[in-house]
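Each remark here refers to the structure printed beneath this line.
Per chain, numbering begins at 1; letters A, B, ... match sequence-line order. Quantities reported herein were computed from a predicted structural model and do not represent experimental measurements.
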Protein chains: 2
Amino acid sequence: MPSLPEDSPDAAAEADGPRRRLPPEERREQIIDAAVRFFADVGLDGNTRDLAKRLGVTQSLIFRYFDSKQDLIEAVYGRVYLDRISPGWAALLRDRSRPVKERMTTFYREYGERIFDHDWMRIFMFSGLAGADLNRRYLDHLGRTLLLPMLDEIEAELGFAPSPEDLWNLHGGIVYIGIRKHIYQMPVPDDPYPGIERAIDRFLRV
Amino acid sequence: MPSLPEDSPDAAAEADGPRRRLPPEERREQIIDAAVRFFADVGLDGNTRDLAKRLGVTQSLIFRYFDSKQDLIEAVYGRVYLDRISPGWAALLRDRSRPVKERMTTFYREYGERIFDHDWMRIFMFSGLAGADLNRRYLDHLGRTLLLPMLDEIEAELGFAPSPEDLWNLHGGIVYIGIRKHIYQMPVPDDPYPGIERAIDRFLRV
DNA sequence: CCTTTAAATGAGCATTAGATCATCAAGATC
DNA sequence: GATCTTGATGATCTAATGCTCATTTAAAGG
């Protein structure tokens, strides 16, 4: 499939024809989308002029929609953290009609599909390094609503109880795949899920 | 033990008495030391004026010892990456007079002592996010000189061969302890080694 | 087609940050 | 104690960056 004609000159910025007026809500969303991508690439210190260039608008326009850069970053956090944890997972993990191993495998497959994502991984890391307590709140929530239940279910079905720390170890080993790929840009398997299943297997083996 | 009298006024900057002349080599080292700490705290975008303030010297002095900020960062990388991997570990892991499990436990105890470190963890992450290929080179080296031998040894002694990906999973679970602590500032056990041993245990169980 | 409104622009202000350099003075040498 | 070397300072230059605002103009309403 040949590249479309109109993106020939300078792929980065959208074709900068005459100035386009968008409904405020739409423009705002567009800016946030671009900002997520942009800050994920260059870090939260990335400057607003470069972001504007990517968007194909002027830098001052950004400040029409956000009071300050910090305000924009807050919106980026909102977008990126939004719905990262599916409300169905807690129920899935407690569904005793299925073996725990299967539940955990399903969970980590779905979880992986949400977090093995360039923008998420990097913004999560940037915001963690910046000291944002969103990270702590997120991981706290994850621990309370997903890992602790997992613990209970393992004990109920398999008769042994790993420590929370053990579960964090399993979890960390899985998340580390995304870190290697998106933070360190190391090669990782195209399909990480067989490896993840083996890790869960080892974890549940008595 | 009561605090010493001379650090009373403003603990951050060293007592700024009259200007002190240091031998160049000593001053250079002092700047690198402070820079490691400083950049680990605030990120590689931290500015040289704040760094100078911490050191208790003028900003321009930094540029007497380093051609550019990038040059200083390079020196910081050098300091931080230097000797992070002990040359003895490859031999330790291949020492067939001891059980692999014991070798791996010893290795990860010593490795943990070197990498569960605030400055290392954070600078490694900052440089990874910045795209420095030091991270890739470091992890490549780690994989080739330590993880692959581990694989061989496990196969030789226990008769089964995990995939490299499985070993990265073990490794990641361990490293994640440091990430939780130093990047996300989450609580982790004071003594992580029992948990690490259990992880190695699970990994080697047939 | 004309009017109106508000989305978008572009010039520019205030600060900050990397880098430079003439000048000062600590401390070694004689 | 006078001299000299060079480590350290402070003022400053330039470019970059967050943010503002008067002006322009796309597009909706009549």
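- Ion pairing between A:Arg109 and A:Glu197 holds under the 4.0 Å rule for side-chain N and carboxylate O.
- Taking A:Asp95 as the reference, A:Ser97 meet the side chain to side chain donor-acceptor pair (under 3.5 Å) condition, with sequence neighbours excluded.
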message: At under 4.0 Å between heavy atoms, how does the protein contact nucleotides 14-24 of chain D? Give one character per nucleotide, 5' to 3', with B, S or -.
response: ---BBBBB--B
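- By the 4.0 Å N-to-carboxylate-O rule, B:Glu29 lies close enough to B:Arg79 to be salt-bridged with it.
- Straight-line distance from the CZ atom of B:Arg64 to the P atom of D:dA11: 19 Å, rounded to whole Å.
- As rounded to whole Å, 13 Å separates atom P of D:dG10 from atom NZ of B:Lys53.
- Under the side chain to side chain donor-acceptor pair (under 3.5 Å) criterion, A:Trp89 pairs with A:Glu110, sequence neighbours left out.
- In summary, contact between chain B and DNA chain C, defined as any nucleotide atom under 4.0 Å from a heavy atom of the protein, begins and ends at C:dA17 to C:dG27 in the 5' to 3' direction.
- Below 30°, between 30° and 60°, or above 60°: for A:Tyr108 and A:His171 the angle between ring planes is between 30° and 60°, a tilted geometry.
- The residue A:Pro24 sits close only to the backbone: its heavy atoms come under 4.0 Å of sugar-phosphate atoms, none of a base.
- Here the P atom of nucleotide D:dG7 and the CD1 atom of B:Ile31 are 12 Å apart, to the nearest Å.
- For the pair B:Glu26 CD and D:dT6 P, the interatomic distance rounds to 18 Å; values are reported in whole Å.
- Using bins of under 30°, 30° to 60° and over 60° for the plane-to-plane angle, the ring pair B:His182/B:His118 lands in the perpendicular bin.
- Shown here are the side chain to side chain donor-acceptor pair (under 3.5 Å) partners of A:Gln59, two or more places apart in sequence or in another chain: A:Thr48.
- Checking B:Arg21 against A:Tyr65, the closest nucleotide of DNA chain C that is more toward the 5' end is the one next to A:Tyr65.
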Taking distance alone, no hydrogens or angles, what donor-acceptor pairs closer than 3.5 Å link side-chain atoms of residues 130-139 of chain B to residues at least two apart or in another chain?
| from | atom 1 | to | atom 2 | distance (Å) |
| --- | --- | --- | --- | --- |
| B:Asp133 | OD1 | B:Arg137 | NH1 | 3.2 |
| B:Asn135 | OD1 | B:Tyr81 | OH | 3.3 |
| B:Asn135 | OD1 | B:Ser127 | OG | 2.8 |
| B:Asn135 | OD1 | B:Gly128 | N | 3.4 |
| B:Asn135 | ND2 | B:Phe124 | O | 2.7 |
| B:Arg136 | NH2 | B:Gly131 | O | 3.2 |
| B:Tyr138 | OH | B:Tyr111 | OH | 2.7 |

